[in-house]
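Shown next, in structure tokens, is the structure this report addresses.
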Amino acid sequence: MIADDVRASRETVATWMQECGFQCTLAKNGLQAWQAICHQPPDLLITDLEMPGLCGLELLERIRQSDYEPISSVPVLVMTSLRDGQTLTIVQQMGGDALLQKPLCKQSTLSVVLDLVAGDHASRRVVHPLDDSVVTGSGVISPTLRRLLKTVAKSERR
């Protein structure tokens, strides 16, 4: 399952996955992805962080809080163009398995996907390319990440 509101991004990732023999379901937002996941849990979810309907963090939270094990155990790869030192930490805390920074590199993306699909998901981990494309560290949370976290908090109260 690939969820991204930018058509070019989701289609590019789908092409890479199909070249490796994966069948892909595409969703243009988090809500569409959630509905598809409830109907047929995928072997892997690749989701953008910022999307309408349901952001990637809300989607991740719904998956991890599901009472249905085939859904709650789906490995989740989060991708984002957001440059924030707290993103990696937040994705880890919410149960994400991997974080990749956009623009995506085909080789790094496929490497992470293959690791996640083949790996033991009982021990959640966050992986990222070995270059400096993932911003890490402590500090102030960006306004965009703060907005996404508020969205998640609001959905928890509903």
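- Every residue meeting the side-chain contact (heavy atoms from CB on, under 4.5 Å) condition with Glu69, not counting sequence neighbours, appears here in chain and number order: Ser72, Ser73.
- Residues that satisfy the side-chain contact (heavy atoms from CB on, under 4.5 Å) test with Thr109, not counting sequence neighbours, are Trp16, Met17, Leu100, Leu104, Val113.
- Among residues two or more places apart in sequence or in another chain, the side-chain contact (heavy atoms from CB on, under 4.5 Å) test is passed with Glu11 by Arg7, Leu26.
- One finds the CG atom of Leu49 at 10.5 Å from the CE atom of Met79 (value rounded to the nearest 0.5 Å).
- Contact annotation: the side chain of Pro42 approaches that of Ile37 to within less than 4.5 Å [non-hydrogen atoms, C-beta and beyond].
- When side chains are defined from C-beta on, Val76 counts as touching Arg64, because their heavy atoms get closer than 4.5 Å.
- By the 4.5 Å heavy-atom criterion applied to side chains, Val117 and Phe22 are counted as neighbours.
- Using a 4.5 Å cut-off on side-chain heavy atoms (C-beta onward), Leu45 and Trp34 make no contact.
- Residues Lys102 and Asp4 are in side-chain contact: their nearest non-hydrogen atoms beyond the backbone lie under 4.5 Å apart.
- Annotation for Gly56 and Thr47: closest pair CA-OG1, 3.8 Å, computed over non-hydrogen atoms.
- Here Leu114 contributes atom CG and Leu44 contributes atom CG; the two are 10.0 Å apart, rounded to the nearest 0.5 Å.
- Hydrophobic clustering keeps Val6 apart from Met51 (ILVMFWY residues linked when any side-chain heavy atoms are closer than 4.5 Å, directly or through intermediates).
- Note: Glu50 CD to Ser81 OG = 5.5 Å, rounded to the nearest 0.5 Å.
- Across all their heavy atoms, Asn29 and Ala3 have their closest contact at O-CB, 4.4 Å.
- Looking only at distances, no side-chain donor or acceptor of Ser66 sits under 3.5 Å from a matching main-chain atom of Arg62.
- Screening Leu99, Ile46, Leu77 for a side chain to side chain contact (heavy atoms under 4.5 Å, CB included) with Val112, the sole residue that qualifies is Leu77.
- Taking CD1 of Ile2 as the reference point, atom OG of Ser9 lies at 10.5 Å (rounded to 0.5 Å).
- Taken from CG in Leu60 to CD in Gln93, the straight-line distance is 11.5 Å, to the nearest 0.5 Å.
- Going from atom CZ of Arg10 over to atom CE of Met1 covers 11.5 Å, rounded to the nearest 0.5 Å.
- Using modelled atom types, no side-chain atom of Gln18 and backbone atom of Val13 make a donor-acceptor pair closer than 3.5 Å.
- Residue Glu19 qualifies as enclosed at atom CD: its count of foreign heavy atoms under 6.0 Å is above 12.
- Leu54 and Tyr68 fall within a single hydrophobic cluster, where Ile, Leu, Val, Met, Phe, Trp and Tyr are joined by side-chain heavy atoms under 4.5 Å apart, directly or via other members.
- Taking each heavy atom of Ile71 and Cys38 in turn, the nearest pair found is CD1-CA, 4.0 Å.
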